[in-house]
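Everything numeric in this text was worked out from a predicted model, so none of it was measured.
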Amino acid sequence: MIKNICCIGAGYVGGPTMAVIANKCPHIKVNVVDLNKQRILDWNDEDLDKLPIYEPGLSTIVSRNRNKNLFFSTDVDKAIQEADAIFISVNTPTKTYGVGKGMAADLKYIELCARQIAKVATSDKIIIEKSTLPVRTAEAISNILKNTGNGVNFQILSNPEFLAEGTAIDDLFNPDRVLIGGEDTIKGREAINKLTEVYANWLPREKILQTNVWSSELSKLTANAFLAQRVSSINAMSELCEHTGADISEVSKAIGTDSRIGSKFLKASVGFGGSCFQKDILNLVYIAKSYGLDAVADYWEQVILMNDHQKRRFASNIVKTLFNTVSGKKIAILGWAFKKDTNDTRESSAIYVADELLNERAELKIYDPKVKESKILNDLNYLNTRSSQDNINLITTLNDPYETCKATHAVAVLTEWDEFKAYDWKKIYDSMLKPAFIFDGRSILNVQVLEKIGFKVYSIGKGN
């Protein structure tokens, strides 16, 4: 029976997942550890608004369980020593160097975790892959633990997360499934069953799927690839709609009512973002190429190419509509997070649309209810397209959406925050330069109402 859990990594997966486990399993002590001191300080801050992650419902769960059976610390070694089960939930970014650059997952943090566990552990442990990893990573972890350990027995499990940011707490309370992969041996099955018992504290057992470890690892990449494929597919059709006079929302509804297709992930937009979709598809492409499966690799790579195209054409349409130049023009950007109800900006479409506009010397005024100015500037500086000083000179971030839109030539809606739909758009229109344009990259606004006010509206997938 698992009585003490250690989670290495206090990020978007580790923090919420462990908070829910602590909440649902009061008999289990949960230690979340991270070498980032500021992140741990933020998790422990009495002001719950300072939690490093914004997720609806998260602050309530943290406040209810913190310092009872949920603890956040930088003492990694102590947490490893005490734990029966260790979740590895560290970042696995796409490699920016060497073999596999731009496609393969960078596993250096995974390896560092494995070596740290091997160095410190003095009792048997269950090691659980929570990070999204390439297939057969468990084998590499196992080799490190067996060859550099202290005679300790380790069982390696794969337990990938299937969270959607913005609904992560609900997803954890009531997931479609929990996947646990392990070795088909007596010890392996024992480890799988022990982790199953943890989730069975609040989930029906039919939702807890047991597989071999390789199937579990590959299932995560496959799930994200299929979801991203749907987004790119509907976005491809949105461009065709704009040229034929069709309406993508009507097309989406028509095909979504087909029970074989379903309605989810068929909303046209300026493109998908987030930490998983692009990274996981690129990883899948690299794996396919490494086995010489070029046709498979080319198929999945097209999903990424379509997504990049959608972002570029949205920015290009802004330039074209504003009389083929945005130099010196002020454009308001509403939304910087990659989706609503999160402060995560990784691979957000807003970053790339803004970058294209800044390359055209537009002056941007930016508002997002949960993303700070420092994060916005860091996102743009990371692209290394311009100097950081150029970005500072061309960008203004504000805390008021009405001030953001005031005296601008156009507004670009790049995150589907619910509050945007409730704005007094007549007030915004009156404050803007004329003609006033809206570019709705998330198709959340009522085009007819806006046009009646006087706006010239471009909404993804709306034919003329």
Side-chain angles (χ1 to χ4, degrees), residues 269-274 310-322 325-383 385-386 388 390-423 425 427-429 431-433 435-445 450 455-460:
S269 69
V270 72
F272 60 74
Q310 186 79 340
K311 289 179 281 191
R312 284 194 303 270
R313 81 177 189 88
F314 184 82
S316 296
N317 191 70
I318 294 176
V319 177
K320 180 181 177 181
T321 305
L322 294 181
T325 179
V326 293
S327 178
K329 292 180 180 176
K330 291 182 171 60
I331 299 174
I333 288 182
L334 297 182
W336 195 262
F338 87 92
K339 64 183 294 189
K340 70 174 183 177
D341 292 333
T342 181
N343 61 347
D344 193 355
T345 67
R346 287 175 290 181
E347 294 300 326
S348 173
S349 297
I351 300 171
Y352 298 96
V353 171
D355 186 59
E356 295 277 347
L357 296 174
L358 290 170
N359 285 340
E360 296 291 334
R361 309 308 290 176
E363 297 176 18
L364 304 183
K365 298 171 71 177
I366 303 172
Y367 167 78
D368 187 286
K370 292 297 178 181
V371 181
K372 298 178 181 178
E373 178 183 38
S374 58
K375 180 59 178 169
I376 292 171
L377 287 171
N378 285 340
D379 287 338
L380 289 168
N381 291 340
Y382 182 77
L383 296 180
T385 309
R386 293 160 303 280
S388 58
D390 277 345
N391 287 332
I392 291 172
N393 292 341
L394 292 169
I395 289 173
T396 304
T397 58
L398 299 99
N399 295 321
D400 184 294
Y402 293 94
E403 285 298 315
T404 303
C405 297
K406 187 177 181 179
T408 59
H409 295 82
V411 174
V413 179
L414 297 179
T415 309
E416 68 274 26
W417 288 102
D418 290 336
E419 68 176 68
F420 296 166
K421 293 181 281 189
Y423 287 169
W425 284 99
K427 180 179 178 180
I428 291 175
Y429 176 80
S431 74
M432 291 176 63
L433 302 174
F437 296 88
I438 286 185
F439 299 89
D440 187 1
R442 296 294 171 182
S443 300
I444 62 171
L445 304 177
L450 293 172
F455 282 107
K456 297 182 182 298
V457 185
Y458 167 78
S459 186
I460 289 280

Inset, instruction - Calculate, to the nearest 0.5 Å, the distance between atoms OG1 and CD1 belonging to T345 and I351 respectively. - result: 4.5 Å
Inset, instruction - For side-chain contact (heavy atoms from CB on, under 4.5 Å), just list the numbers for F420 and K340, CA-CA rounded to whole Å, side-chain angles, deciding distance to a tenth of an Å, and then say yes or no. - result: CA-CA 11 Å; F420 296 166; K340 70 174 183 177; over 6 Å; no
Inset, instruction - Kindly compute the distance separating CG (L358) from CG (N391), expressed to the nearest 0.5 Å. - result: 6.0 Å
Inset, instruction - First locate atom CD1 of I444, then atom OG of S269, and finally report the distance between them rounded to the nearest 0.5 Å. - result: 11.5 Å
Inset, instruction - Rounded to the nearest 0.5 Å, what's the gap from CG on D390 to CG on L380? Could you check? - result: 11.5 Å
Inset, instruction - Check whether any side-chain heavy atom of E360 sits under 4.5 Å from a side-chain heavy atom of T325, and report yes or no. - result: no
Legend entry - T404 side, atom OG1; L398 side, atom CG - distance, nearest 0.5 Å: 4.5 Å
Inset, instruction - Can you sort out the partners of E363 under salt bridge (charged side-chain N to carboxylate O under 4.0 Å, His left out), two or more places apart, ordered by chain and number? - result: K330
Legend entry - Nearest atoms (heavy-atom pairs only) where V326 meets L357: CG2-O, 4.2 Å
Inset, instruction - Could you list the residues that satisfy ring-ring contact (aromatic ring centres under 6.0 Å, His included) with F437, not counting sequence neighbours? - result: none
Inset, instruction - Applying salt bridge (charged side-chain N to carboxylate O under 4.0 Å, His left out), name anything that partners K421, two or more places apart in sequence or on another chain. - result: D418
Inset, instruction - Can you tell me which residue pairs pass the salt bridge (charged side-chain N to carboxylate O under 4.0 Å, His left out) test with a partner in residues 391-400, sequence neighbours excluded? - result: none
Legend entry - Identified side chain to side chain contact (heavy atoms under 4.5 Å, CB included) partner of Y352 from the options R312, Q310, E347: E347
Inset, instruction - Identify the two heavy atoms, one from Y367 and one from N399, that lie closest to each other, and give their separation to 0.1 Å. - result: CE1-O, 3.6 Å
Inset, instruction - If a pair satisfies salt bridge (charged side-chain N to carboxylate O under 4.0 Å, His left out) and one of its residues is in residues 365-378, list it, with sequence neighbours excluded. - result: K375-D379
Legend entry - Smallest separation among heavy atoms of F314 and I460, with atom names: CD1-CD1, 3.8 Å
Inset, instruction - Could you list the residues that satisfy salt bridge (charged side-chain N to carboxylate O under 4.0 Å, His left out) with D440, not counting sequence neighbours? - result: none
Legend entry - Contact check, side chains of V353 and L414, non-hydrogen atoms, under 4.5 Å: yes
Inset, instruction - Work out which heavy atom in L364 is nearest to a heavy atom in A354; give both atom names and the distance. - result: CD1-CB, 3.7 Å
Inset, instruction - Answer whether the closest heavy-atom distance between the side chains of L334 and C405 falls below 4.5 Å. - result: yes
Inset, instruction - Could you tell me which residues satisfy side-chain hydrogen bond (donor to acceptor under 3.5 Å, both in side chains) with S349, sequence neighbours excluded, listed by chain and number? - result: none
Legend entry - Results of side chain to side chain contact (heavy atoms under 4.5 Å, CB included) for S316 - residues two or more places apart only: none
Legend entry - Qualifying ring pair (Phe, Tyr, Trp, His ring centres under 6.0 Å) pairs with a residue from residues 327-346, counting only residues at least two apart or across chains: none
Inset, instruction - Tell me, please, which residues at least two apart from Y423 pass side-chain hydrogen bond (donor to acceptor under 3.5 Å, both in side chains). - result: E419
Inset, instruction - Go through the structure and list residues passing ring-ring contact (aromatic ring centres under 6.0 Å, His included) with F272, not counting sequence neighbours. - result: F277
Legend entry - Validation row: T321, Y458 side chains within 4.5 angstrom (heavy atoms): no
Inset, instruction - Go through the structure and list residues passing salt bridge (charged side-chain N to carboxylate O under 4.0 Å, His left out) with R386, not counting sequence neighbours. - result: D355
Inset, instruction - State, yes or no, whether a side-chain contact exists between W417 and D341 at a heavy-atom distance under 4.5 Å. - result: yes
Inset, instruction - Output the distance between atom OG1 (T397) and atom CD1 (I333), rounded to the nearest 0.5 Å. - result: 12.0 Å
Legend entry - Heavy-atom check, side chain of T408 versus side chain of I331, under 4.5 Å: no
